[in-house]
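Data first, discussion second: the structure below is written as structure tokens.
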Amino acid sequence: MPRPAPPLPVVDPARARAFGTRLRAWFRRHGRDLPWRRTRDPYHILVSELMLQQTQVVRVVDYYARFLERFPTLRHVAEAEPEAVTDAWAGLGYYARARNLHALARRVTAADGPGVIPPDPEALRALPGVGAYTAGAVSSFAYERRSALVDTNVARVLQRVFAPSLDPKRPRDLTRLWRIAEAIVPRTGRAAWVQNQALMELGALVCTARVMRCDQCPVRASCATYAATVAAARTTVAKRVRR
DNA sequence: AACTCGGGGAG
DNA sequence: CTCCCAGAGTT
């Protein structure tokens, strides 16, 4: 009996490497200088990620600075009244995030708590307000672990580049995009930090939901959607020439 | 799997 | 005007 064939890789390794190398080089040159990219403090990273949930970067910047001024450490949050934390959140929306942060702070700093924000995505995931994305983000951005993360930006970018037939809005397809994200994480934690930031930055600046700026895209050579666009344009031109 | 939570900006 | 945004929790 023939042995079953080994499972095909989720993404061709050579293609993943070419994609990642181009993407990271682009980020080093064009990535925005954002405050939470200048620190590895897990508490600071956590605050930024909670604020950034469903909230655009430009509006978070000021809240982030003001919040950390008022609550310099996780312990300051834990020792504050819940209302004080919600007050610092006023205007940002999604106030469950503020309540979750307070609950998280008390749990982590409790006598039987870990005392510090954990580096492992699985442990992070167990904390209030921390889902799959935020767990990966804190693990990668604060601890430089080789953790994958998928937010709406990353889901869209990976879908367009590697899996145009998937629909990121479907939970079923979203788990497959997580598989892809995990498959393309680079070898070192440092490079993983850059690549994860770069995936989100590309989705925020170039490969946006409404507009695909392929002329500015560093990875169009590895992009399935771009290839389809070019092929379609060629057909259009050929038809025109035939007349 | 569908709904809810907010407020602001882009197209 | 509609859709989207560094999502997560609840039903």
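Below, read A as the first sequence line, B as the second, and so on, with proteins coming before strands; counting in each chain starts at 1.
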Can you list everything that forms a salt bridge (charged side-chain N to carboxylate O under 4.0 Å, His left out) with A:Asp33? Sequence neighbours excluded, please.
A:Arg38
Could you tell me the separation between the CH2 atom of A:Trp178 and the P atom of C:dG7, rounded to a whole number of Å?
11 Å
Let me know the distance between CD of A:Gln53 and C1' of B:dC5, rounded to the nearest Å.
12 Å
So what does A:Ala137 touch, heavy atoms closer than 4.0 Å: a base, only the sugar-phosphate, or nothing?
nothing
P-based separation of B:dG8 from C:dA8 [nearest Å]:
23 Å
Under 3.5 Å, side chain of A:Trp36 to main-chain N/O of A:Ser48, donor-acceptor pair present?
no
Between CG of A:Asn153 and C1' of C:dG7 the distance, given in whole Å, is 12 Å
Please tell me whether A:Val219 and A:Ile180 are part of a single hydrophobic cluster in this structure, the criterion being side-chain heavy atoms less than 4.5 Å apart.
yes
Measure the distance from CG on A:Asp151 to P on C:dC4 and round it to the nearest whole Å.
14 Å
Both A:Arg97 and A:Arg172 contact DNA chain B. Taking the nearest nucleotide for each, which residue is further toward the 5' end?
A:Arg172
Check: A:Thr55 and A:Arg97 side chains under 4.5 Å, non-hydrogen atoms:
yes
If only side-chain N and O atoms of A:Thr134 are considered, is one of them under 4.0 Å from the OP1 or OP2 phosphate oxygen of C:dA8?
yes
A:Asp167 has an atom CG; how far is it from atom P of B:dA2, in whole Å?
11 Å
Rounded distance in Å - CG (A:Leu149) to C1' (C:dA6):
8 Å
Can you figure out which of C:dC4, B:dG6, C:dA6 approaches the side chain of A:Val57 most closely?
C:dA6
For atom CH2 of A:Trp89 and atom C1' of B:dG6, their distance in whole Å:
13 Å
What nucleic acid atoms does A:Arg37 come within less than 4.0 Å of, heavy atoms only: base, sugar-phosphate, or nothing?
base
Find out whether A:Cys207 and A:Arg213 are in side-chain contact, i.e. whether some heavy atom of one side chain is under 4.5 Å from a heavy atom of the other.
no
To the nearest angstrom, the CD-P distance between A:Glu201 and C:dC5 comes to 14 Å
Excluding sequence neighbours, so at least two apart, what forms side chain to side chain donor-acceptor pair (under 3.5 Å) with A:Arg106?
A:His102
Identify the pairs formed between an N or O of the protein and an N or O of nucleotides 8-11 of chain B at a distance under 3.5 Å, and give each distance.
unit_1 : atom_1 : unit_2  : atom_2 : d
B:dG8  : O4'    : A:Arg59 : NH2    : 3.2

Can you check whether A:Asp215's main-chain N or O pairs, donor with acceptor, with A:Arg220's side chain at less than 3.5 Å?
yes
Where at least one partner belongs to residues 105-136 of chain A, residue pairs that pass ring pair (Phe, Tyr, Trp, His ring centres under 6.0 Å), sequence neighbours excluded:
none
Not counting sequence neighbours, which residues clear side chain to side chain donor-acceptor pair (under 3.5 Å) with A:Arg107? List them please.
none
What distance, rounded to whole Å, do you find between the two C1' atoms, one in B:dC5 and one in C:dC4?
15 Å
Counting the atoms with a prime plus P, OP1 and OP2 as sugar-phosphate, which does A:Leu92 contact under 4.0 Å by heavy atoms, base, sugar-phosphate, or nothing?
base
Taking any heavy-atom pair under 4.0 Å as a contact, classify A:Thr55: base, sugar-phosphate, or nothing.
base
What integer number of Å spans the C1' atoms of B:dA1 and C:dA6?
24 Å
N or O in side chain of A:Gln54 less than 4.0 angstrom from C:dG7 OP1/OP2
yes
Is A:Val11 reachable from A:Val150 through a run of I, L, V, M, F, W or Y residues, each pair having side-chain heavy atoms under 4.5 Å apart?
yes
Using a distance-only criterion (donor-acceptor N/O pair, under 3.5 Å, no hydrogens), is the base of B:dG6 paired with the side chain of A:Tyr94?
yes
Using a cut-off of under 3.5 Å, enumerate the N/O to N/O pairs linking the protein to nucleotides 9-11 of chain C.
unit_1 : atom_1 : unit_2   : atom_2 : d
C:dG9  : OP1    : A:Gly129 : N      : 2.6

